[in-house]
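A, B, ... follow the sequence lines: proteins, then strands. Residue 1 opens every chain.
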Amino acid sequence: MVTVKFSATLKATTGTDEIEVDAPSVRRLVRLLDERWPGIGEQLTAGMAVAINGEIIPDAMFEELPDGAEVHFLPAIAGG
Amino acid sequence: MTITDEPQAGNETPGYKWVGTRPIRPDGLDKVTGKARFGADLVLPNMIEGAFLRSPHAHARIVSIDTSAAETMPGVQAVITGADFPSPDDMAPGDAFQAMKIMARDKVLFEGHPVAAVAATSRAEAMAAAKAIVVEYEVLPHVGTVGEAMADDAPLLHDTLITSGIDPAPDTPSNIAARNLLERGDLDAGFAAADVIVERTFTNKPVHQGYIEPHAAVADASQNGRANLWCSSQGHFDMRSMTAKVLSCPPSMINVTPAEIGGGFGGKTTIYLEPVAILLSRKANRPVRMVMDRDEVFKATGPTSGAEVRVKMGVTNDGTITAADVWMALEAGAFPGSPMGPATMTALACYDIANFRVEGFDVVCNKPKVAAYRAPGAPISAWGVESVVDELASEIGMDPIELRLKNPAVEGVQAPYGPAFPRIGFVETLEAIRDSDHYRSPVAPGHGRGVACGFWFNIGGNSVATVNVHEDGNVSVITGSPDIGGSRSSMALFVAEELGIDVDRINPQIVDTDTIGHTDVTGGSRVTLSAGKVVVEASRKVKADLCRRAAKAWDCDIDEVEWVQGQAQHISGTESPLSLAAIAKNAGRTGGPISFTHAENVRGAGAGFTTQVVDVEVDEELGHTTIVRYTTAQDAGKAIHPSYVEGQMQGGVVQGIGWALNEEYIHRADGTLDNPSFLDYRIPVASDLPMIETIVVEVPNPAHPYGVRGVGEAGIVPPMAAIGNAIERSTGCRMADLPMSPVRMLEAINERNAAAD
Amino acid sequence: MDYLAPTTVEEAVGALVEQPDARVFAGATDLIPQIRAGRPEPGLLIDLKRIDRCTGVAETDTGWTVGAATPTSRLTEDPEFSGALPGLSEAAGLIGSDQIQNRSSLGGNLCNASPAADSVPGMLINDVRAVIAGASGERTVPVGDVTTGPGRTSLADDEFIVEFEIDRPPANTGDAYLRMIPRTEMDIAVVGAGVRLTLDDDGNCTDVRIALGAVAPTALRVPDAEAALTGKPVDAETLAAVAAAASAACNPIDDKRGTIAYRQQVAGVLAKRAVTIAAQRAAGQPVNGAH
Amino acid sequence: MKTHVHCTINGNETDFLADSGGTLLNALRDDVGLTGVKEGCGTGDCGACSILVEERVTCACLIFAPEAQGTTIVTIEGLAEADHLHPLQETFLEGAALQCGVCTPGFLMAAKALLDKNPDPTETEIRYALAGNLCRCTGYDKIIRAVQDAAERMRTNTNGAA
């Protein structure tokens, strides 16, 4: 199981701050979330990064999720 | 090669021989003798010159374009308009906006928006022909600021733009492209617990990156559908991808060769000229060079956002910040994509605050599309937040550094944007300033002293390096990261340290898109971290291979070989050591050329923090502010070439000083820019400034082999608030609108005096 | 566009007469950016710098003759000239960077007719005269009669300024020029103030000249401010009166460089400060001018 | 119209055919091939095109090309003597006084003009002498120090030779 924490922007869609999901990878996680909240998958993939246990990963779609991981979706950062 | 012994003799870091030293940069000689080739310096055989016709209006419908007169002008070889480009209708929304930015289609959305382009045998002929193109416009009402653009009855730039980040999505279009919200805790309870609450609204005008080299590109599309492009940019792979999208062609059909880049600061992470030069070249069947004038740079390339930021924060008398409520709206310019996201995410990142809400809006208006500018968005929100934190400190009678030390972001604290911080060095920068000679010295009579802090994420990303050992044992290290401030030196230092050879035996090269793998832009403070990481990994592959070859030569087990000070040694000491040169000479007999590549999407960027202190003197009769002394402390993780780390810190601070005191886009009532020149867009000159004192804090980034954090960006975040805070402590005037120019300053002083009467 | 470098005044006048769209120039530091911006589009460029009379600083019995095209750096580097007229020298020396200083000239600064031209208040307070050549010969006019408005002069199409006549100031006289710019260099004056005065044996001011730049369509003398100081010592009271009169004399505009209110207020401040420096110089105390 | 110009550039007698109304900057870059002279603004506000004409520093963008007739010009390409770098070039390299390097040629020429007439300038004098040269990367700190170091080196060399 992993814990997904939603930003306030995403909470408007999910209605909850966090949920526990059984997902072995980010890709699987996004698919499960999109099944539950249709359309959220696009929000979670377009220009978004994923933080897994505190480490921000820009292209995280195929990342494995260790059991017990804390996952955040956040806007991808570029820079100057 | 000379290793300078300033400011400290020898290596500044025990344990390293090369990392932490200050060798002369490999490209330095070319840059002090005029040999270095920047974007506008390339000349190809049979090359012709391009020029734009640009919109004189901030917002207008294009009724008609007649190019017939231009096409018969002397020297003219090609004329193109939006009709010559692939239709944006077939593109993804972001790509369509980019395509429309490059060349207007139905509407012009900002003054300077390209409407047509001409290639001719001379620049003068191209410009004359561009002037001869007849465009009929229907001028539309324009919106200049977030306030105007967000008004209910505002004229719309894009009639299909629906705000993202709101659920349910709005059913009508607006000028608001996106919204972001960060929230935690109980805001009302937080403010209820506060003894002091400060609430203010801050604004800033668009400011430009102000690189000295105008954009330039040369395209040669005259063979086989392929195109060669030379341009100065912060990342030629991104230039290729973006150009290919606008032209609807496969990226691999374009080879982009990086020119030396004359400054970028984020502004050269996007395209302006490149697809236009290729189309002109295709049509004229000759190489085409396009170089912007300075006024084109100001009118049509990326400033960063003008913005409005409302900040409300509460603190207890003992210095606990209990709540923060931040609202902001940032101008995106003509197309969506302001740095609203990072502005919201960085706003409170320096602090551990239990109850907060940060809401941001990305708003289009009739100005040039903003481009990234050093820590994009962060200075805009920090201007407000760091000013209010200073005011909170004053209100409760606490030293401003002490207040920050009571609420700092530290390892394990959950960042406002979500995840918990790993090991970071914010507290160390606060302590470095607190303990500095500057902060401990008394404030001179009539001066004011201000403090502010800044945060930037830093990023990793895609990088590739190839390390080649030549037959003489010297080494080339090849990357795809344009060197914008001395990164060749850092790459050479990594290789020298890993291979144990003199840094002057290493030749760093930056090559074209056909020659090395995809490499992300030089931006986000990522090159020393990410390119450095792949250079280190490729060097380690080389080192392992050298040991394997030595084992082969000695007919021993590889475990019996170690690499020490640039040579292979047998652990028994029975064999004469083999130098890199000796192994390289025999490479053909031990397995062939010695060449290793490492490619990686590098992670583990270490967050960067800075604390800065400034003393100012305000001439209260003229409103003129002088920067008397400035000290910046920044966590570099590990300074690979300390001079260029200091240089990044100093450069960031001085851009911030310009933003604080004088830089601004000044628009006329019709939405056109009134100051598109370095005369009236006033970046700091040498006589405006003192030396910028630097304290390089080194809290190693645990995710990097040498502990590197990026240092390019955080430095620009605090200066506006630091100077505003110093001005307040000198004059009693709390400034809320940037820049704090003499005119605004004198108005504030007059108001203060009137209030005292 | 054609280029001509005449060596005599007559040759230059002849070219002006012959080609109505000709433009004379000295340092071209204003002209080239103007051409680049699209106007003017002269058919012939007449370079005055190869005419001997137009370049150089010559000391005369009564003062100096300065060629209209002489680079301003030659004025600031001339110890006699800059020692005798530090205010005028500093005003001329404020026109742009060192790079500009090696090109900019009193003639160009005056004839470009910007209300903010730094050297013009300095010339007004020193009663500098312009020697103008044209088809009908030469005439000499006070500098104050040359500019008639922003970008406009009283010169006929066939005329140009050959040189300036500058008198040596009497004893116990000092001058000063100060300007307000947002940076410390490389800006156009938001306000400029020049002051020249002579101190009598009692330390009272006589022959007071106060001029302001960038606060009206042309640089202007401020008779009310001059009167407020004439016959009086420099003290808090007279300085306040000078400041008030200077502010009142302004007829500025709001533009990207400053507001009406700002220019009015700052004109008074600069006039006051320039009076102080001029008086110190008149009293024989060397004062470093502001950059 | 074109004008034939004969002048001495970096010690070499040079002829070029220039647009009569064009700038010396364009002539040097496009007709003579001296692309070390940079264009940052074209209006004399940035100093990137600084060159020496008759030993005086000026902006090449503010000179009409025909004005160069008969003059002696030094550009960045002529600052070093053969392989021997000018002390300013040495101290700019050693002191990391450049980041992107596009303003560097202009700074070096302006700094040379300063040190040629004032071998021992104060920090303030250096800052004002270089105020016509914009640098957006460095914040000027290391540039000022490099000029101070070069001045000291040149004074030492001069005294040593005397």
Side-chain angles (χ1 to χ4, degrees), chain B residues 2 4 6 22 24-25 27-38 40-41 43 122-124 209-214 260-265 291 293-294 484-486 489 641 643-644 646-655 657 677-679 683-689 691-692 694, chain D residues 19 22 26 29-30 33-46 48 75-80 85-86 88-90 92-106 108 123-124 126-145 149:
Chain B
T2 312
T4 64
E6 292 294 327
R22 301 170 184 249
I24 288 174
R25 59 195 285 167
D27 54 325
L29 192 61
D30 282 357
K31 286 180 176 163
V32 299
T33 55
K35 286 181 191 160
R37 286 208 295 188
F38 290 83
D41 297 339
V43 178
S122 75
R123 169 114 172 122
Q209 295 82 351
Y211 32 80
I212 305 302
E213 180 206 28
E260 293 301 326
I261 168 172
F265 317 106
V291 181
D293 281 346
R294 178 55 55 181
I484 201 163
S489 267
H641 191 306
S643 294
Y644 292 108
E646 294 159 3
Q648 288 295 322
M649 293 165 67
Q650 291 163 333
V653 163
V654 168
Q655 284 188 317
I657 290 172
S677 72
F678 274 138
L679 181 62
I683 78 172
V685 299
S687 49
D688 293 344
L689 299 162
M691 294 297 186
I692 307 298
T694 56
Chain D
D19 283 337
N26 286 346
R29 287 180 56 84
D30 298 338
L34 296 173
T35 54
V37 190
K38 302 301 180 195
E39 175 170 325
C41 67
T43 50
D45 298 312
C46 82
T75 71
I76 185 63
E77 288 89 347
L79 183 57
L85 291 184
H86 188 280
L88 281 160
Q89 291 171 310
E90 293 174 352
F92 268 59
L93 288 176
E94 292 162 12
L98 54 144
Q99 284 178 32
C100 81
V102 81
C103 71
T104 308
L108 287 167
E123 181 190 330
T124 299
I126 296 171
R127 287 186 179 278
Y128 275 91
L130 299 181
N133 294 80
L134 299 180
C135 170
R136 192 60 158 171
C137 294
T138 65
Y140 304 103
D141 183 299
K142 292 183 192 301
I143 292 175
I144 305 302
R145 291 180 200 276
D149 290 348

field: Contact origin within D:Thr138 toward chain B - heavy atom pairs under 4.5 Å
entry: backbone
- request: Nearest 0.5 Å please: distance from the OG1 atom of B:Thr33 over to the CG atom of D:Leu85.
  value: 7.5 Å
- request: Could you grab the distance from atom CG of D:Asp30 to atom OG of B:Ser122, nearest 0.5 Å is fine?
  value: 10.0 Å
field: Nearest non-hydrogen partners of D:Phe92 and B:Val32, listed with the distance
entry: CB-CG1, 4.3 Å
- line: Under 4.5 Å to a heavy atom of chain D? For B:Ala36 that would be backbone
- prompt: Does the D:Arg127 side chain pair with the main chain of B:Asp688, one donor and one acceptor, at a distance under 3.5 Å?
  reply: no
- prompt: For the candidates B:Pro684, B:Gly264, B:Ser489, B:Ala124, which exhibits the highest count of non-hydrogen atom pairs separated by less than 4.5 Å from chain D?
  reply: B:Pro684
- request: Would you mind checking which part of B:Gln209 comes under 4.5 Å of any heavy atom in chain D, side chain (CB onward), backbone (N, CA, C, O), both or neither?
  value: backbone
query: So, do D:Leu134 and B:Ile683 sit near enough that their side-chain heavy atoms are less than 4.5 Å apart?
result: yes
- prompt: Looking only at heavy atoms, what is the nearest atom pair of D:Gly40 and B:Pro214, with distance?
  reply: O-CG, 3.8 Å
query: Of all heavy-atom pairs between B:Leu689 and D:Tyr140, which one has the smallest distance, and what is that distance?
result: CD1-CD1, 3.4 Å
task: Return the set of residues passing side chain to side chain donor-acceptor pair (under 3.5 Å) with B:Lys31 (not counting sequence neighbours), or none when no residue passes.
output: B:Asp27, B:Glu260
field: When D:Ala48, D:Gly33, D:Cys41, D:Pro105 are compared by non-hydrogen pairs under 4.5 Å with chain B, the top option
entry: D:Cys41
field: Reported CG-to-OG1 distance for the pair D:Asp141 and B:Thr694, which is rounded to 0.5 angstrom
entry: 7.5 Å
- prompt: Between D:Leu98 and B:Arg25, is any pair of side-chain heavy atoms under 4.5 Å apart?
  reply: yes
message: Heavy-atom pairs under 4.5 Å with chain D - which of B:Met691, B:Arg37, B:Gln648, B:Gln650 has more of them than the others?
response: B:Met691
query: Taking side chain as C-beta onward, heavy atoms only, is D:Glu39 less than 4.5 Å from B:Arg294?
result: no
query: Between D:Glu94 and B:Ile24, is any pair of side-chain heavy atoms under 4.5 Å apart?
result: yes
message: Please find the pair of heavy atoms, one from D:Cys46 and one from B:Ile212, that lie closest to each other, and give the distance.
response: SG-CG2, 4.4 Å
query: Are D:Arg136 and B:Val654 side-chain neighbours, meaning at least one heavy-atom pair lies under 4.5 Å?
result: no
query: With a 4.5 Å heavy-atom cut-off, do B:Tyr211 and D:Cys137 have their side chains touching?
result: no
query: What residue in B:Ser677, B:Gly210, B:Gly652 has the most heavy-atom pairs under 4.5 Å with chain D?
result: B:Gly210
Contact origin within D:Leu108 toward chain B - heavy atom pairs under 4.5 Å: side chain
message: Taking ring-ring contact (aromatic ring centres under 6.0 Å, His included) as the definition, give me every residue that meets it alongside B:Phe38, ordered by chain and number, with sequence neighbours left out.
response: none
statement: Note: D:Ala131 and B:Ser687 closest approach over all heavy atoms is CB-OG, 3.6 Å
- prompt: Given a strict heavy-atom distance threshold of 4.5 Å, which part of B:Leu29 is in contact with chain D: side chain, backbone, both, or neither?
  reply: both
